[in-house]
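Quick note: numbers below take in every heavy atom, side chains included, and nothing from hydrogens, waters or symmetry partners.
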Amino acid sequence: MYNTNDIMETISMIRDNNLDIRTITMGISLLDCADPDTDKSCTKVYDKICRLAGDLVRTGDDIRDKYGIPVVNKRVSVTPIAMLAGVSGGDPVKYARTLDRAAHEIGVDFIGGYSALVQKGFSAGDLALIESIPQALCETELVCSSVNVGSTRAGINMDAVRLMGQKVRQAAELTAERQCIGAAKLVVFCNAVEDNPFMAGAFHGVGEADTVLSVGVSGPGVVRSVLADMPKDAPLDVVAETIKKTAFKITRVGQLVGSEAASVLGVPFGIVDLSLAPTPAIGDSVAHILEEIGLEQVGAHGTTAALAMLNDAVKKGGVMASSAVGGLSGAFIPVSEDAGMIDASREGTLSIEKLEAMTAVCSVGLDMIVIPGDTPADVISAIIADEAAIGMVNSKTTAVRVIPAIGLKEGEELDFGGLLGYGPVMKLRTKSPSVMINRGGRIPAPLQSLKN
């Protein structure tokens with residue numbers, strides 16, 4: 001029934017190459033918690049999360065002990081809270097406090113869904129929630145927030161883009177004494193997906209089941225190790241095939257853990273998100289994979305091509321291994337969470353312009369990038385607009401998570417500690433985009449949106 005070599009190979013991946021289940025995330029619909037009375041709605045939210053996810057952490061720990069596979073994070077995502085705020089009115093921060101209290105009670109690492117979907121305009125509750133984001137992230141510890149400002153079908157809501165530039169800056173300012181952590185828990189999306197298990201952008205889409213369990217797998221160290229053993233003159237198609245086969249094996253581990261966890265918790269199994277999500281730990285870097293492919297350092301010319309090949313091979317390997325691959329599957333390039341990206345940024349090899357080019361072919365976008373503390377809100381909005389345009393035109397998910405390091409200048413470093421890592425303050429262009437950003441309105445959907 002079992003191949004001894006496969007078992008030993010998996011053990012080696014876990015022991016030597018940082019293979020882990022990065023997260024098991026329970027998605028919970030809160031639509032039945034809506035109530036015209038905010039306090040009653042918050043009570044329903046708290047009770048439902050604690051009832052359904054109360055055993056999530058214990059289940060993850062039990063699976064770790066049973067199979068010897070590290071389950072690093074246990075998380076919850078919920079229905080975009082703007083929908084509940086639209087029914088109840090009042091102060092949306094009450095919902096943030098409730099989510100944080102529930103997350104602490106059940107012991108999860110993060111809870112996502114303090115979110116709004118405004119790609120085509122603002123509905124009841126959206127503006128109130130967006131205005132409240134900086135305060136909500138300041139007052140809470142485990143709550144993550146996201147706003148979707150564009151899509152291929154709708155275009156880009158530039159009024160929302162302008163607003164989000166302001167909110168990112170305000171979130172950093174309100175948490176300046178805590179390494180500006182508020183901005184690190186806030187993501188601005190184009191083409192956000194409903195089944196993403198990774199924070200800070202996870203929310204439970206309205207098209208999902210009432211409760212669902214999804215997993216996010218990560219194994220950049222495994223891929224790097226396999227490539228390091230290959231001859232340096234191996235053709236790139238052979239390199240791609242090797243990555244694909246490795247991704248297949250990694251995905252099978254995720255399928256096993258996700259199915260088991262869902263069964264124990266009595267909820268449907270959702271998806272495996274096969275994302276090469278790095279950490280600051282040595283040997284767990286996507287940048288180092290690209291360097292094994294043949295770059296002297298990530299950011300060199302050729303980086304975008306190498307990343308495109310890596311991302312494609314990961315997806316192909318994943319869909320061979322599971323019929324339930326979803327989320328953002330591919331390769332993440334968060335700067336502060338990747339040891340190789342940090343080094344390349346320090347040395348000036350990796351610029352924000354090169355990162356923007358890389359986002360056209362990777363899983364998400366400009367992620368965990370530390371920018372100067374005096375960066376104006378309209379420049380942050382322009383960064384968001386550029387990234388949203390890449391997602392809109394290429395029919396892919398893109399996102400921006402930048403952290404204005406209040407009080408710090410280019411070349412200095414901001415240290416979050418733990419999974420979020422640390423990073424140098426990167427250089428930005430200084431010419432102003434304010435006239436464009438202040439125009440507002442909407443960038444119309446591109447021609448490729450007309451697919452029917």
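- Contact check on E141 versus K185 returns no salt bridge, with no Lys/Arg side-chain nitrogen under 4.0 Å from an Asp/Glu carboxylate oxygen.
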**OP:** Run the numbers on Y114 and I133 for side-chain contact (heavy atoms from CB on, under 4.5 Å), then give the verdict.
**Re:** CA-CA 8 Å; Y114 198 74; I133 286 173; 4.1 Å; yes
Show which side-chain atoms of residues 294-301 pair as donor or acceptor with protein atoms under 3.5 Å away, not counting sequence neighbours.
| unit_1 | atom_1 | unit_2 | atom_2 | d |
| --- | --- | --- | --- | --- |
| Q297 | OE1 | T349 | OG1 | 2.5 |

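- When only modelled atom types and interatomic distance are considered, D338 and S285 share a side-chain donor-acceptor pair under 3.5 Å.
- Applying the ring-ring contact (aromatic ring centres under 6.0 Å, His included) test to every pair with at least one member in residues 306-349, sequence neighbours left out, gives these pairs: F198-F332.
- Side-chain contact between L129 and I81 is present, with heavy atoms from C-beta onward closer than 4.5 Å.
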Original post:
Going through the distances and angles, do D62 and T59 end up as a side-chain hydrogen bond (donor to acceptor under 3.5 Å, both in side chains)?
Top reply: CA-CA 5 Å; D62 288 347; T59 299; 5.6 Å; no
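- Between T152 and N191, the side chains place a donor N or O and an acceptor N or O closer than 3.5 Å (distance only, hydrogens not considered).
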**OP:** Applying side-chain contact (heavy atoms from CB on, under 4.5 Å), run through F110 and T23 and close with a yes or a no.
**Re:** CA-CA 10 Å; F110 287 111; T23 179; over 6 Å; no
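- Proximity of V187 to V400: side-chain heavy atoms (C-beta onward) are nowhere separated by under 4.5 Å.
- At a cut-off of 3.5 Å, with distance as the only test, a side-chain donor of E387 or T359 sits close to an acceptor on the other residue.
- Checked for salt-bridge contact, R75 and D109 miss the test: no charged N lies under 4.0 Å from a carboxylate O.
- S132 and Y95 are not linked by any side-chain donor-acceptor pair at a separation below 3.5 angstrom, with hydrogens and angles left out of the test.
- N157 and Q119 share no side-chain donor-acceptor pair at under 3.5 Å.
- Using a cut-off of 4.0 Å between Lys/Arg side-chain N and Asp/Glu carboxylate O, R224 and E291 are scored as not salt-bridged.
- At a threshold of 4.0 Å, the pair D159-R162 counts as salt-bridged, since one of the basic side-chain nitrogens sits closer than that to a carboxylate oxygen.
- Taking a 6.0 Å sphere around CZ of R51, one finds it holds more than 12 heavy atoms contributed by other residues, nucleotides or ligands.
- Using a cut-off of 4.0 Å between Lys/Arg side-chain N and Asp/Glu carboxylate O, R22 and D273 are scored as not salt-bridged.
- Taking CG of L56 as the reference point, atom SG of C50 lies at 12.0 Å (rounded to 0.5 Å).
- The pair D210-K48 meets the salt-bridge criterion, with a side-chain N (NZ, NE, NH1 or NH2) lying under 4.0 Å from an Asp/Glu carboxylate O.
- Checked for salt-bridge contact, E292 and K232 meet the test: a charged N lies under 4.0 Å from a carboxylate O.
- Salt bridge R64/D61: present, at least one basic N to carboxylate O contact under 4.0 Å.
- Contact annotation: the side chain of V257 never approaches that of V272 to less than 4.5 Å [non-hydrogen atoms, C-beta and beyond].
- I63 places none of its side-chain heavy atoms less than 4.5 Å from the side chain of L256.
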Subject >> Check against side-chain contact (heavy atoms from CB on, under 4.5 Å), M426 and S345 >> reply: CA-CA 7 Å; M426 299 190 72; S345 299; 4.0 Å; yes
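- Between D55 and R58 a salt bridge is recorded (basic side-chain N to carboxylate O distance below 4.0 Å).
- In this structure, K316 and F248 have side chains that are not in contact, with every pair of non-hydrogen atoms separated by 4.5 Å or more.
- With a 4.5 Å cut-off on side-chain heavy atoms, I181 and L420 count as touching.
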